[in-house]
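Heads up: the structure comes next, in structure tokens.
Residue numbering restarts at 1 for every chain, and letters A, B, ... go by the order of the sequence lines.
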Amino acid sequence: MSATMESALKARMARQEGWNRPPHVEPEGEGELLELSMGPHHPSTHGVFRMDVSLDGERVIRLKPVFGYLHRNHEKIAEGTSYLASMPYTDRLDYFCSLTNNWAYALAVEKLAGQEVPERAEYLRVILAELTRIQNHASTIGFLLQEMGASGTPLMYAFREREKIMDLFESLTGSRLMCNYMRFGGCRVDASAAWLDQAHKVVATIPEFIDEFERFLRSNEILMARTQGMGVIKPELAVNAGLSGPMLRCTGVGYDIRKVDSYGIYDRFQFRVPVGDHGDIYDRYMVRMLEMRESVSILNQALKDIPGGPVMDPKAKIRNFRPKPGEAYGRIEAPKGELGFYLISDGGPNPYRYRVRPPSLINLTILEDMCLGHNVADVVLIFGSVDIVLGEVDR
Amino acid sequence: MLGEGIIKGMAETARNFFGSFVSKERLITVEYPEQRIPTFENARVFPFLVYDGADWEAGLRCVACQICEKECPPKCIYIEKSKEKKPDYAGKLQIYPAKFDIDVSVCMSCQICVEVCPFEAIKMNTEFELATDDRFGGLLLDRQKLARSNEYYHSIHPTEAAEVDARLAEEKAKVEAKAKAAAEAAAAKAAAAAQAKPTDTASPKTDTPKSGTPQSGGEGA
């Protein structure tokens, strides 16, 4: 290595050192620290997740996230079964957004096998992914407000909307949550004209719901007092930690894989990427609200333009699917961030290596940086604003 | 003014509360055991085996090819092949499942078995109230418990079942045409042989029942 390169590397490492280490918080006054184990069965943890917290009074001095309680061996199971048989397992990663999981996996396999996707299937994928994004953001905000103490009402309003979208999913794919809808080279079944009509009707009611939700909470003093300036992430740290999705965009970094990669047919739609400014919980909340509005606009365009035709590549094989040897990484902008599937094929019926890049896990890694110096009650809020699903964190 | 935002939010809640007395669409709760939402046509819960005709055992479409057993992601299907053969819907002699069990406590309702089945023999049911107090025997369904008639399939998935029936009829016609052609060719060959050797009449007699039996069996099944 040349001397200039070495010095550049050293300078870069010195610059990064401050970002990579969590800020040090000193306890105030005398006395011992209180070690508290929050979880794994804590109502605020959205599943089974534990935080080992060291407290000085109410202030958090240290926080260690402990995960793995829901480990189900997803990646190893996928290496032992056929490509198709992993598809229903991907539903169970992030069980709020099974359709985007399906899409990411299908995209990776399509890259691996060099398959084409028919036009209509691409449109259906976009429609379903955006519906998924809306219902995920709505319920995330609902859960966040529940953790803030607004017990029930906002969550029920969010779930009322979610239910309409779930009904759409069920009538098309057969299941509310575990949709298992996308296949390598298209989608499993075609959407009827009646379904598209119904989707039109549901999408038309969503802006009204978002308006209602904003009137309901946007200027709420309690919400603002508890979220503004809380759990701040700096853009440098966010980029260095590999955050993605609303967690990254709330810091002001306008990185959206729909724009950067324009996978599928996202380059055909007009939409904006909302970014925050402060990187606090309120910005994350607002970014999600605005993303729902953008999703509605994408949905309106997609439902208007959807062409006819087949939904499945006629050359696609269901049985005896063996992609040629090689590797592929397919990534999409899932509601929670960048969801990627990395596959290596050795030409056999099952993948040689199968790896998921879960947005929830990677967004969770900077939990300590966000929580230090705040109170225990705020840890619950900060954790809720990360928007994780433990099925995806532990896999 | 401090508290203005909270009051605005409360007004929204009140609008929803009083609105539910006026507009029916705000009342979204369904009181389940008494009221029921009809299931969607595409809904899927657990698989069942389709049979044609009146007798479930004779009419099972399954030929125990074991593709679903291999492809099933959680491996909840257990199949044992039969020793002897029986005629299927098109009249071909096929193996049938001597044992076909599905453990519905393991099944994850993914519909992969339906997609990979080349014989349209396994389909998804929409029945969801399967609670039982027997956690082992009650959840391991054998082929008799799994068998449902084609009429039942038509009643739960009408569009899909009509497509399947059309496809099966087409295949049956193809098989029958092939069998007929084969029989005719055999007859012609036999006639030619008979013309060449007028004394030897044994071969056409043995040929005719061979091609005839599966056809009649197919109509019966």
Practice task
Show the numbers, then the answer: is there a ring pair (Phe, Tyr, Trp, His ring centres under 6.0 Å) between Phe48(B) and Tyr152(B)?
Solution key: CA-CA 11 Å; Phe48(B) 67 94; Tyr152(B) 177 77; 5.7 Å; yes
Practice task
Taking all non-hydrogen atoms of both residues into account, name the closest pair between Met178(A) and Arg44(B) and its distance.
Solution key: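 The pair with the smallest heavy-atom distance is O-NH2, 3.3 Å.
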For the pair [X] and [Y], find out whether any cationic side-chain nitrogen is under 4.0 Å from an anionic carboxylate oxygen.
X: Glu170(A); Y: Arg176(A); answer: no
X: Glu147(A); Y: Arg226(A); answer: no
X: Lys123(B); Y: Glu120(B); answer: yes
X: Glu161(A); Y: Lys164(A); answer: yes

Exercise for the section: Could you check whether the rings of Phe96(A) and Phe143(A) sit parallel, tilted or perpendicular, using 30° and 60° as the cut-offs? Expected result: perpendicular
Handout entry: Residues in residues 78-89 of chain A near chain B [non-hydrogen atoms, under 4.5 Å]
Key =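 If one takes a 4.5 Å heavy-atom cut-off, the residues of residues 78-89 of chain A near chain B are Ser82(A), Leu84(A), Ala85(A), Pro88(A), Tyr89(A).
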Practice task
Answer yes or no: does atom CZ of Phe128(B) have more than 12 heavy-atom neighbours from other residues, nucleotides or ligands under 6.0 Å?
Solution key: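 Yes, CZ of Phe128(B) has more than 12 neighbouring heavy atoms, counting only those of other groups under 6.0 Å.
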Practice task
Before giving the answer on ring pair (Phe, Tyr, Trp, His ring centres under 6.0 Å), spell out for Phe184(A) and Tyr105(A) the whole-Å C-alpha distance, their side-chain angles and the decisive distance to 0.1 Å.
Solution key: CA-CA 9 Å; Phe184(A) 319 131; Tyr105(A) 178 52; 5.6 Å; yes
Handout entry: Sorted by number, residues from residues 73-80 of chain B in contact with chain A (heavy atoms, under 4.5 Å)
Key =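 At a heavy-atom separation under 4.5 Å, chain A is reached by Pro73(B), Pro74(B).
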Fill in the blank from the handout: Cut-off 4.5 Å, heavy atoms of chain B, and the answer for Asp167(A) is both
Problem - Engaged part of Ser171(A) at the chain B interface, taking heavy atoms whose separation is under 4.5 Å - result: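 Both backbone and side chain.
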Practice task
Report the option among Lys70(B), Gln111(B), Met108(B), Glu41(B) that has the most heavy-atom pairs separated by less than 4.5 Å from atoms of chain A.
Solution key: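 Between Lys70(B), Gln111(B), Met108(B), Glu41(B), the count favours Met108(B).
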Practice task
Name the option with the most non-hydrogen atom pairs under 4.5 Å to chain A; the candidates are Met124(B), Arg15(B), Lys8(B), Glu115(B).
Solution key: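 When all of Met124(B), Arg15(B), Lys8(B), Glu115(B) are compared, Glu115(B) has the most.
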Handout entry: Under 4.5 Å from a heavy atom of chain A, the part of Glu71(B) involved
Key = both
Exercise for the section: Examine whether an atom of Ile37(B) lies under 4.5 Å from a heavy atom of chain A, and if so say whether it belongs to the side chain, the backbone or both; otherwise answer neither. Expected result: neither
Handout entry: Leu140(B) side, atom CG; Asp101(B) side, atom CG - distance, nearest 0.5 Å
Key =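 Spacing of CG (Leu140(B)) from CG (Asp101(B)) equals 4.5 Å.
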Exercise for the section: Test the Arg162(A)-Phe159(A) pair against the cation-pi criterion, namely NZ or CZ under 6.0 angstrom from the six-membered ring centroid and within 45° of the ring axis. Expected result: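 Relative to the ring axis of Phe159(A), which defines the angle, Arg162(A) lies inside both limits.
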Practice task
Kindly indicate whether a cation-pi arrangement holds for Arg120(A) with Tyr123(A), taking the cut-offs as under 6.0 Å to the six-membered ring centre and within 45° of the axis.
Solution key: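 No, Arg120(A) does not lie over the aromatic ring of Tyr123(A).
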Fill in the blank from the handout: Interface check, chain B: of Leu172(A), Leu223(A), Ile77(A), most non-hydrogen pairs under 4.5 Å belong to Leu172(A)
Handout entry: Asn102(A): which of Arg183(A), Met182(A), Arg125(A) passes side-chain contact (heavy atoms from CB on, under 4.5 Å)
Key = Met182(A)
